[in-house]
Participant: 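Dropping a structure here in structure tokens format, bear with me for questions.
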Amino acid sequence: MSYLKLFFIQILLVIMSLDAIAQFNPIHFEKEVLDNGLTVIYHRDTSLPVVSVVTHYKVGSSDESKKHTGYAHFFEHLMFSETENIPSGNIEMLIQDAGGNINAHTSFEETVYKITIPSNNLPLALWVESERMRKLKISDHNVNKEKKVVIEEKRLTIDNAPYGNAFPTILKEMFNDTPYEWSVIGNDEHIENAETEDFIEFYNNFYRPNNAIISISGNFDLDTAKNLIQNYFSEFERNDIQEKYKYDLKQIEERTIDLSDKYADLPAVFIAYYGPSLQERNFAFDVLLQILSDGESSRLEKRLVNKDELAVSVGMMPVKFDRSGVAIFVGMSNIGISPEKIKDAFLEEIDNIIENGISDDELQKAKNNIEVSFVASKYESIHNAQILAKAEALFEDPGIINTDLRQYLKVDKDDVKDVAKDFFKKQPNVILYINPEND
Amino acid sequence: MRIFLLILFLSVNLMKSQDINISAPPPLKADEFDFPDYQVRYLSNALKVIIIENKKQPFLYFKMLIGGGNSAENIPGLAELTANMCPRGTKSKTAEEIADSMEFYGGSMSFNSSSDFISVSGSTLSKYLDNYLSLFSEVLVHPTFDDTEFSKLKKNFKSRLLSVKSNPKTLAGRLSQKMLFGDNHPYSKIPTDITVEKINNEDIKKFYNKYFIPNNATLAVIGDIEDDKLIDKLEEYFVDWEKGEKPVINIPNPKKNPNNMYFIERDSSKQTFVKTSILTCNYKDEDRIKLKIASRYLGDGFGGKLFKELREKYNYTYDPFAGITSTKFDNVFFCGAGVNNDSIVHSIEIINYELDELINHKVDSSELERIIKHYKGNFLLTLEDPYSIIDLILFYDFMHDKKFDLNNILKEINSVTPSDIQETAKKYFTANKRITTIVGDSAAKDNLINNFDILIYNKDMEEIGFNHIEYEINGNTPESIINNYIDKIGGNDAIDSVNSLTTFSKVKLLVDDVEYNGESLKKQKRPDLMYVDFSVGLIEQKTWVNENNVFLSYRNGQITEADSNQKEHYRNQAALFNIRNILDSNTISGFELENNNYIIKTNQSGIDFHYYFDENTKLLSKITMEQNNMISTIKYDSYKLIDNILLPDEEEFISGDTKILLHHNYKINDSFDEDTFIPY
């Protein structure tokens, strides 16, 4: 047997063994790009008469200017108001009347509209999204109404919530002078002063077919779906999309902040480091976080919650932006324990991994858990549609819905040790203590 | 009497209203589908097993319900602590070894306790089934209840109790349960530091031995496996689990606190959480499905009535809600929202108004049809999620002890009518059965104290004060003033004998000193039918009010259906002698004596009304209305006796530069054809 042949057999064996470990039914899809730049992804799954339509716009809070924060999220609210052919208050009614659900979310990089509906109402779902893509009516009345609603939403989720200010405080410190320094929901002042004209400009700028991906997942006839897409979306014109704001990320040195919180009943510590960006696709980093904080057998849970009884709960929260990221550790104190003790124990665990690496079992366990998440996330059409759209938006490759697992399974112990060094070797960038005000 | 004012208020909006004619595409041919078939089997130890095949992915979900949750021994925290002790050490493994072994293969297993049962949920890749079942069974069958682990769990449990103490939703929920069920009811008792401290490891073992037996549990499994193969494996792994005497759980009757309004102060709260709760029926009662649909009518996301009113119309909130609990006995219907601190009183009024509306009027049939379609559609959508399928089947089995039949459930949902909703609302939702719990800051408390009788509680659910508003001037109260007025115009019996009223009016309209003359005809019939034909100068308007339906037409003759805001106003107008209602609606916000007039102040739907009653004649002399700094006035004069009832002969309406003078003639109990109140 020649050396080359042996080499190829070895490669084949590696691939086969990976596939043998990672058993799941892959997601088959088809991608189409219309002349106007609209990308459409079709994934058929006929197990139930249900279909999901996800319309993913590549616009989020990172596309806002510092003086107009919260606009992307505010605009998401306006997308539920009225269109040329759907009077005010009827968008949700139409979908509910057809037995479906409608919702949306906005993040730093995206605004995503989601409809799940009995599959015979696919034409309705696509028609509603076509109405919203270019026929939305943006009026003073709707803008003024939503200002109050958005303010109430902000109170509910941030201003009036225990620990609600932790995340905004960390972002402001670490991403000053970048589009990530403000929360997605924006500042009160900007929301209150928002002008209708600003939103019309925002709509014309970002809500264009060439800035959107429609992902259809579920039980439908492919030809019918393609015809509907042509009928409802091909008339819309493409437009030059405003480029993302350019920024230089100046990494800050260690900062310690103390905040008092009127609503928190237990002290907590938040420890933040700069982390990998979405574009980096750092699989080893995800494996590291899995080992650190996922489940009762994770390193941090074992040490901080079960062994030392310092914390009631612990977790690591990765937040990935297009070209940057942050990883935040959260530890909530057990009764009578100061959060400084949690910080010290956390840093010891980090040093331990940097110095000694991880065990074979830990690596295999992390991979097994990633595999479980991977398989378990493929049941619902709305999840599949969202993942396909997001993968297209970020990497122009929806196929990673099937192939990412293989990347995770390739990660080895050295990769995890290296990535721990890369991101956690230096002191944390922000240490934030939250102390109950009524303590 | 306020009809003419409202015609003017609404005319601008009405002129803009259009027929809703949406050119949405029609649906395609619907695909048929069958609810997944499933097997019910019993292991030799009497464990009931439900198996649902689903080969979409190589995965398995498990869920077990064990009868006897928080209510089982009436010791708050005992069931939850017992459940959470199971994975903290077995005969052959420590807590750490259990977590390591379970999570190594990506398996999961979590214990929760609710009012009526303990649930154990988990999942695994199909290829690791044996590893999973080995641990799953060991944790359930052979826990050792180690003392050290118990101490750690108790400490953690107490910290967690503290961490939810500032959550407004949790606080309102706990106080609602306490007030609806009474202090000692198992559905209302909550664990505290003190009660948890009293629980020892022996209590845990006793609870486990009594309730954790196979003939008191049901296991459901969904995923990529065949029935027989799974049963064989379960027999193997649960061979040591022995059946015992099935425990009987007795739940006492609730003892509702007689008061209706409760407040918990949450320092510096930037929003106020308002929750109205009502005791209803047992889970198996046929009323429950009607109550469920009524809750969706109020709180079905974007389409719910509270969303339309509290969020869309008044913008007081982001997240109105409504629902009904899922306990075996005495389920609680609830609704509410986290609202702007400046809008608390009006928000409470709106919630009460919408509950009143369910009692007083049949819900719109097309609206009900939409709610039902959405509800039914959601059954289909949730079937994508294997856990939802398990939940549907297992929960139904637990409550009914029979096989889940989706078609039957859909039939039940389909059969609910507007009359059913109204009858159910009449049975359960009357004002004296409601309790409202409010969590907000000290300003919210002061605001509420000025408007309601209210009991004040702290975050530990201990009563710290009672504020009762007594409106009284010279021995007169709002109630006595209105009763005097009623007596003066003829008394309740005379008023109640009026089944219909026709009002012919000569009308003089003055706008910017230009005078227009015309006529008006108004026909009213109990309970709330009304027809108005108003024609003065360029204004021509006809109004038809028939139960829930309100139609309007203008000069062009086109008939349009009123929107929900207009309906609310016109239906109020249709009721005969509706001034009596202000005493029932808990809206009185002030009482004064000024220039020989007693003034009763109310706030209804965001409008401040002041009713002026002449101190000497006892008659209603004037009503003022203020909204958005715009004040309008109606004056009544020259009361005349018409068939034993005093009615005002003259009425004057003033708003800004506009004045309308009306000279009335009345006819009581004239017979009307029902068609009078229908436009077509």
Side-chain angles (χ1 to χ4, degrees), chain A residues 23-25 47-50 80 85-87 89-90 92-94 96-101 116 118-124 127 145 148-149 152-153 155-156 159-160 162 219 262-266 295-297 302 306 309 312 332 334-335 361 365 368-369 371-372 375-376 378-381 438, chain B residues 18 20 22-31 33 56-59 95-96 99-100 103-106 123 125 127 152 155-156 158-160 162-163 165-167 267-271 300-303 308 311-312 315-319 338 340 370 373-374 376-378 380-381 383-386:
Chain A
Q23 292 169 351
F24 68 95
N25 297 327
S47 52
L48 276 172
V50 173
F80 287 82
N85 294 302
I86 308 176
N90 280 277
E92 309 84 11
M93 301 299 145
L94 280 169
Q96 288 192 348
D97 201 31
N101 290 334
T116 302
S119 50
N120 63 320
N121 279 298
L122 176 64
L124 174 70
W127 178 73
K145 187 181 72 173
K148 295 177 192 163
V149 173
E152 291 309 317
E153 183 181 358
R155 284 182 182 145
L156 179 78
D159 301 340
N160 204 38
N219 196 345
K262 293 185 178 92
Y263 313 123
D265 285 304
L266 288 172
E296 284 186 35
S297 63
K302 266 186 182 175
N306 294 324
E309 298 180 69
V312 181
M332 196 180 286
N334 220 330
I335 292 175
D361 275 359
K365 186 185 76 173
N368 288 342
N369 279 283
E371 184 184 351
V372 164
V375 175
K378 290 184 171 47
Y379 280 95
E380 294 181 64
S381 57
N438 301 322
Chain B
Q18 297 166 353
I20 295 174
I22 303 171
S23 54
L28 306 168
K29 186 172 172 288
D31 294 310
F33 89 104
K56 195 165 180 175
Q57 294 293 344
F59 208 67
E96 189 172 319
D100 279 339
E103 291 174 3
F104 182 81
Y105 293 105
S123 61
L125 289 164
K127 61 188 174 185
K152 279 161 67 172
K155 187 177 172 186
N156 189 290
K158 284 196 269 186
S159 290
R160 285 179 188 275
L162 191 60
S163 72
K165 219 172 174 180
S166 273
N167 185 318
D267 190 30
S268 306
S269 197
K270 291 193 172 71
Q271 246 180 5
D300 188 16
F302 294 106
K308 289 176 190 166
R311 177 165 158 170
E312 289 301 290
N315 322 132
Y316 291 159
T317 183
Y318 171 68
D319 66 331
N340 183 303
R370 184 184 60 73
K373 278 185 189 170
H374 189 212
K376 283 162 54 187
N378 272 216
L380 173 62
L381 305 190
L383 300 185
E384 285 197 300
D385 174 18

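Naming convention: chains lettered A, B, ... in sequence-line order (proteins, then strands); numbering from 1 in each chain. Scope of the values below: all heavy atoms of this structure, side chains included, with no hydrogens, waters or symmetry mates.
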Participant: Could you look at A:S47 and say if it's the side chain, the backbone, both or neither that has a heavy atom under 4.5 Å from chain B?
Facilitator: side chain
Participant: So, A:D265 and B:S163: side-chain donor and acceptor under 3.5 Å apart, yes or no?
Facilitator: no
Participant: Just so I understand: if I count every heavy-atom pair under 4.5 Å between each of B:Q271, B:R160, B:K373 and chain A, which residue has the most?
Facilitator: B:Q271
Participant: Does the B:H374 side chain pair with the main chain of A:G100, one donor and one acceptor, at a distance under 3.5 Å?
Facilitator: yes
Participant: Which one, A:L156, A:D361, A:N369, A:N160, leads in non-hydrogen pairs under 4.5 Å with chain B?
Facilitator: A:N160
Participant: Heavy atoms only, distances under 4.5 angstrom: which of B:A30, B:G106, B:G377 has the most pairs with chain A? Name it, please.
Facilitator: B:G106
Participant: Would you tell me whether A:N101 and B:N378 have side-chain atoms, one donor and one acceptor, within less than 3.5 Å of each other?
Facilitator: yes
Participant: I'd like to know if B:K56 and A:E380 make a salt bridge, using a cut-off of under 4.0 Å between side-chain N and carboxylate O.
Facilitator: no
Participant: Can you tell me which portion of B:K165 sits under 4.5 Å from chain A's heavy atoms? Options are side chain, backbone, both or neither.
Facilitator: both
Participant: Name the member of A:E296, A:M93, A:K148, A:Q96 that forms the most heavy-atom pairs with chain B at distances under 4.5 Å.
Facilitator: A:Q96
Participant: Relative to chain B, which segment of A:L94 carries a heavy atom at a distance below 4.5 Å: side chain, backbone, both, or neither?
Facilitator: side chain
Participant: Which one wins on heavy-atom pair count under 4.5 Å against chain A: B:D385, B:N167, B:L383?
Facilitator: B:D385
Participant: What residue, out of A:V149, A:D159, A:L124, has the most heavy-atom pairs lying under 4.5 Å from chain B?
Facilitator: A:V149
Participant: If the threshold is 4.0 Å, N to carboxylate O, is there a salt bridge linking B:E96 and A:K302?
Facilitator: yes
Participant: Would you tell me whether A:E153 and B:Y318 have side-chain atoms, one donor and one acceptor, within less than 3.5 Å of each other?
Facilitator: yes
Participant: For chain B, which candidate among A:P162, A:S119, A:A376 shows the most heavy-atom pairs at distances under 4.5 Å?
Facilitator: A:A376
Participant: Check each atom of B:D319 against the heavy atoms of chain A and say whether the ones under 4.5 Å are side chain, backbone, both or neither.
Facilitator: side chain
Participant: Under the 3.5 angstrom rule, does the side chain of B:S159 hit a backbone N or O of A:I335 as a donor-acceptor pair?
Facilitator: yes
Participant: Between B:P26, B:G338, B:S269, who has the most heavy-atom pairs with chain A when the cutoff is under 4.5 Å?
Facilitator: B:S269
Participant: Going by an N to O cut-off under 4.0 Å, is there a salt bridge joining B:K152 and A:E309?
Facilitator: no
